[in-house]
Amino acid sequence: MKLERDLHMAIGEAEVNYANNSRLQRKALLKTKPVLDRVVRQVCTALLHPTMVVADLGCSVGANTLIFVSEVISTVADAQRRNELGCNPIELQFFLNDLPGNDFNQVFQSLQQFTKSVAAGRPNGVALPPFYISGLPGSYYTRLFPCKSVHLFHSSYCLHWQSQLIKDMDESMAGLNGGNIYITTSTPPSVVKLYQDQFQKDMPLFLKLRHQELVPGGKMLLTFLGRKKENVLDGNLSHIYALLAEALQSLVTKGLVEKGKLESFNLPLYGPSIDEVKAVVARNGLFDIDHLELFESNWDPYDDLDHVGKCRSPRRGMNIAKCIRAVFEPLLASHFGEDILDELFQRCAKIMESHHAEENMNYAVIVLSLSRRG
Ligand SMILES: C[S@@+](CC[C@H](N)C(=O)[O-])C[C@H]1O[C@@H](n2cnc3c(N)ncnc32)[C@H](O)[C@@H]1O
């Protein structure tokens, strides 16, 4: 399994692909709309140049990719209509970034229709700012733009992904987590430390790179998975991925997956607490925090009331399993082979459903808005 090649969202059949199974991520985009609106207005009011350069990091594919773009366009159009920006018309240059394995072709093919629907959605007589959209493949843990060239970075549901797999951080540690695939109560402290140390390297690196690329006063709005409790062994992600591990363990028992294969698989992500995020931004010293919040939501993407707590529903297990499959299928297929996927996620759905009835299964999302210092 290679991260740069295999980390992308599922692009196969409609029933299981990310484009059709990203309602969970869409809900976060809608929830953060007021913060985005505020940040966009601040950026365009301070603009010294007629072109505002905006980048979405980890854009993926499907309807979500263009929700952000359309939100920025309509906020700028509204600000211009209300004469909040003086008389200078603004042009928008968008860059959609993701790893090279992302299906950029699908994104490009949807652009013509998108442009038509943005224009059709405006009330009569309201002018839209001219906008231009380009794709930008590459890891956001590397430099993506020239110095001081970007006004606004946005990223939703991405920054919890780490830049390296455990096996690439330290080969000798790869098998130490046993049948776990993420941090749980039975994860050895040395493996927990590896995950935490990687977060302490990735986040400052990301901040340093974006600081170089942002214009003075430029801003970032970052939404990513985190954890509510300080205890790293009791994180929201620990609970859900322990259930995915349970489904994988059941395939080992059935002889469909080799024990060694499971023991060498660890998910390359980390959900930090609010305090960890605050501390890393403060130590880094390159940004001021404008807004920082954590909200909790239900893993069921179709639970629009966002029930917090225990809940039994026959569809819930299936809804959650499909949402997880759309994100992890390429990584799982690369490591375990495609043949196990249907069985794995049927088991996963059953396990999710019964746990959901007995325990609180929420996830925590961190929303962080930053201004470049200097
Ligand atoms: C769950 S998707 C989120 C997509 C979209 N922003 C949304 O809200 O639906 C996470 C995306 O982050 C991308 N990603 C993960 N690590 C990345 C990296 N280092 N550089 C660029 N993109 C990355 C993945 O390929 C994936 O498309």
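On a predicted model such as this, the values are computed, not experimentally measured, just so you know. For ligands, and for the atoms within them, numbers begin at 1 and follow the listed sequence.
Using cut-offs of 30° and 60° on the angle between ring planes, the pair Phe94 and Phe68 is perpendicular.
Ring to ring, Phe153 and Phe206 are not that close: their centroids are 6.0 angstrom or more apart.
Under the 3.5 Å distance criterion, with hydrogens and angles disregarded, a donor-acceptor pair is assigned to the side chains of Asn180 and Ser186. For the residue pair Thr187 / Asn177, a side-chain donor-acceptor distance below 3.5 Å is found, with atom types taken as modelled.
For ligand 1, residues of the protein lying within 4.0 angstrom by heavy-atom distance are Leu7, His8, Met9, Tyr18, Gln25, Leu29, Gly58, Cys59, Ser60, Asn64, Asn97, Asp98, Leu99, Gly138, Ser139, Tyr140, Tyr141, Ser156, Tyr157, Cys158, Trp161.
By the 4.0 Å N-to-carboxylate-O rule, Asp37 lies close enough to Arg41 to be salt-bridged with it.
Under the side chain to side chain contact (heavy atoms under 4.5 Å, CB included) criterion, Ser22 pairs with Tyr18, Gln25, Asn64, sequence neighbours left out.
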